[in-house]
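Data first, discussion second: the structure below is written as structure tokens.
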There are 2 protein chains.
Amino acid sequence: MFHLTFRQLSVFESVARNSSFSRAAEEMHLTQPAVSMQIKQLEENVGLPLFEQMGKKIFLTEAGKELYHYSKMIAQQLAEASLVLSELKGLERGKLNISVVSTANYFAPQLLAQFCSQHPEINVSLNVGNRESVLKQLHDNEVDLAILGRPPEGIDVEAHIFMENRLVIIAAGGHPLAAERHIPASRFQNETFIMREQGSGTRLATEKFFSSHNVLVKTGMEMSTNEAVKQAVQAGMGLGILSMDTVLLEVETGRLKILDVEDFPIIRHWYIVHRQNKRLSGVAEAFKTFLLTKK
Amino acid sequence: MFHLTFRQLSVFESVARNSSFSRAAEEMHLTQPAVSMQIKQLEENVGLPLFEQMGKKIFLTEAGKELYHYSKMIAQQLAEASLVLSELKGLERGKLNISVVSTANYFAPQLLAQFCSQHPEINVSLNVGNRESVLKQLHDNEVDLAILGRPPEGIDVEAHIFMENRLVIIAAGGHPLAAERHIPASRFQNETFIMREQGSGTRLATEKFFSSHNVLVKTGMEMSTNEAVKQAVQAGMGLGILSMDTVLLEVETGRLKILDVEDFPIIRHWYIVHRQNKRLSGVAEAFKTFLLTKK
DNA sequence: TGTTATCATCAATAAATTCTTATGATATAA
DNA sequence: TTATATCATAAGAATTTATTGATGATAACA
């Protein structure tokens, strides 16, 4: 393809519009020979004359008319690009890519909804996965931000606490312990607990709690989702430990009860996380500060 | 608006496509720092980062993705322009603007049709007018070529004969002279002639002919179109002198007769004309040589 | 007919830009 | 940890682009 420059095109456009080299030169703050030169080079590139001079007047040739059309189209594209980019520079537009661990899915949508209502032109891509997949996405730079219950070690990230994460012990609605107050940890000796899988943050915190209280619990039942844990607990298969956010609905309807255990709830935190050195987009930056400054 | 260059855009496009400054540099036969610099300048123009580097890998930012889209659009427009212009360079496409005097309208369409059948992608704009309007269009550079029976003096044009223009004397089908042979000019003394208006080429030639033969004819009837002359002659209002091309049909059907007059037909010519210094388009040039070399 | 407006061209030089070479910094991978 | 790949940066060279000032050609205009 031929080697045009925008300079050539915009000079050409000006000459064509003004039907005059001299007027174009004035308009572009150039001297007339400079304009002549640019047009000449352009004509050499194209391989066809673009203008013809009949006396004092300048006319576009057939080729010139075609090129004029395309130069206007291109100028239009540029103007559009300019607009879009300047919108991105502000906060009117943009896309927020965020990945959250499954537990966070119980409150993240509300937060996003609230944020979006303040910035109507923003697109959000919310990705829900287990801790491992969220970390992978973060590492592969597929998302701007992630919400985790425990900041990753190893990879270089910046993590900020923005919300508490209360772990509570739950039981089925009619469970005998449901009515008791100030239950000591020792009461759970040999109780059956439905747990999330090995490696889950909730599970780690749970195990730490019981071992520090020298209580031995049965942890035979292992579920890979919070929903499964809730179902199992409701069915009376045992007790569970979950983030309070995930059980609000069931507690309200009485299907599950939060036990009043001493030293509970365990307070953990939710972290908003991104890779160090990550150049956050305007939107991502805004969402981050939204989380950190809210309330 | 910001001041982009195609250089910046195409370097950007290459970097974005390759996800690598170094690969882009190889592709464009540049050194890597040159690429870095172009991108840096582009980012300064735009006012937003376009890429982010996470370790060894390069990613487009949101702004980069938008710009990538537009750079592809613009590249597409350029490719299209390139195609159209190279077609114009050949003879596959183009537009022929031609203006002809009304008499020439009896044969010009056939010539154009023949020419177009050889170049199917060509557009033609045929303009028919009286001599005066044709000359004005030529002068105002509104047409590439014109067909005239007499090249204009005064304005600077290039004119080439491409066809004979035979002027004949016509009479109504049943006219007494129609049967005679070798009619001398003197026989037309005091005959009534239906003529085109003052200034018409046909009329000039006619007057010259009779005055050089010392014959006085009656020229009271003046018509502004060839069709009107033919109608008047058919109606028996007098004789007429017209270009043979305009009466072929009527002669064939017997409504008009061409008289067998001594020193007739008067041979004049058809000229293909364009302004001197006019840069003819490929198509116009082709049509001109088509006329000059045909048969 | 002379005057004016317009574009083309040239040479010398100035200004801006683009590119290269050389080097540094950093993260990944062996 | 060392080697490698990758991009950033700086200084100077090379290239491109524009200016100035002069000149020429042409057609419109008065």
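Below, read A as the first sequence line, B as the second, and so on, with proteins coming before strands; counting in each chain starts at 1.
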Practice task
Between A/Q53 and A/L30, just flag the one whose closest nucleotide in DNA chain D comes earlier from the 5' side.
Solution key: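 Of the two residues, A/L30 wins.
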Handout entry: Along DNA chain D (nearest heavy atom to each residue), the more 5'-positioned of B/S19 and A/H29
Key = B/S19
In whole angstrom, what separates [X]'s [atom1] from [N]'s [atom2]?
{"X": "B/Q41", "N": "D/dC7", "atom1": "CD", "atom2": "C1'", "answer": "16 Å"}
{"X": "B/M37", "N": "D/dT15", "atom1": "CE", "atom2": "P", "answer": "15 Å"}
{"X": "B/L138", "N": "D/dA27", "atom1": "CG", "atom2": "C1'", "answer": "15 Å"}
{"X": "B/I39", "N": "D/dT6", "atom1": "CD1", "atom2": "P", "answer": "16 Å"}
{"X": "B/F59", "N": "D/dT6", "atom1": "CZ", "atom2": "C1'", "answer": "13 Å"}
{"X": "A/L42", "N": "D/dT17", "atom1": "CG", "atom2": "P", "answer": "12 Å"}
{"X": "A/L4", "N": "D/dT16", "atom1": "CG", "atom2": "P", "answer": "16 Å"}
{"X": "B/F6", "N": "D/dT16", "atom1": "CZ", "atom2": "C1'", "answer": "17 Å"}

Handout entry: Donor-acceptor contact below 3.5 Å, side chain A/T293 vs main chain A/T289
Key = yes
Practice task
Answer yes or no: is there a donor N or O on one side and an acceptor on the other, between the side chain of A/S133 and the main chain of A/N130, under 3.5 Å?
Solution key: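 Confirmed, A/S133 side chain pairs with A/N130 backbone.
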Counting only side-chain N and O atoms of [X], is one of them less than 4.0 Å from OP1 or OP2 of [N]?
{"X": "B/R7", "N": "D/dT16", "value": "no"}
{"X": "A/T31", "N": "D/dT19", "value": "yes"}
{"X": "A/Q38", "N": "D/dA18", "value": "yes"}

Exercise for the section: Could you tell me, to 10°, how much the axis swings from one end of the helix from C/dT1-D/dA30 to C/dA30-D/dT1 to the other, five pairs per end? Expected result: 30°
Practice task
Could you tell me from which nucleotide to which nucleotide of DNA chain C, 5' to 3', there is an atom under 4.0 Å from chain A heavy atoms?
Solution key: C/dT4 to C/dT28
Handout entry: Nucleotide nearest A/P33 (side chain, heavy atoms from C-beta), chosen from D/dT20, D/dT17, D/dC7
Key = D/dT20
Would you say that [X] contacts [Y] through its side chain, given a criterion of any heavy-atom pair below 4.5 Å between the two side chains?
{"X": "B/N141", "Y": "A/K57", "answer": "no"}
{"X": "A/S20", "Y": "A/V15", "answer": "no"}
{"X": "A/L88", "Y": "B/E62", "answer": "yes"}
{"X": "A/L280", "Y": "A/H274", "answer": "yes"}

Exercise for the section: Assign B/K40 to base, sugar-phosphate, or nothing according to its heavy-atom contacts below 4.0 angstrom with the strands shown. Expected result: sugar-phosphate
Exercise for the section: Remember a base hit wins even if backbone is also touched, and classify A/E52 as base, sugar-phosphate or nothing at under 4.0 Å, heavy atoms. Expected result: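 If one applies the 4.0 Å heavy-atom cut-off, A/E52 turns out to touch nothing in the nucleic acid.
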Practice task
Begin from the C-alpha positions of B/E132 and B/K136 and carry the test salt bridge (charged side-chain N to carboxylate O under 4.0 Å, His left out) through to its verdict.
Solution key: CA-CA 6 Å; B/E132 191 187 0; B/K136 182 172 180 341; over 6 Å; no
Fill in the blank from the handout: Contacts of B/K72 meeting side chain to side chain contact (heavy atoms under 4.5 Å, CB included) (sequence neighbours excluded), chain-then-number -> B/Y68
Problem - Option from B/T5, B/L67, B/V11 for which side-chain contact (heavy atoms from CB on, under 4.5 Å) with B/L42 holds - result: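 For B/L42, the side-chain contact (heavy atoms from CB on, under 4.5 Å) test succeeds with only one of B/T5, B/L67, B/V11, which is B/L67.
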Handout entry: Within 6.0 angstrom of A/K89 NZ, more than 12 heavy atoms from elsewhere
Key = yes
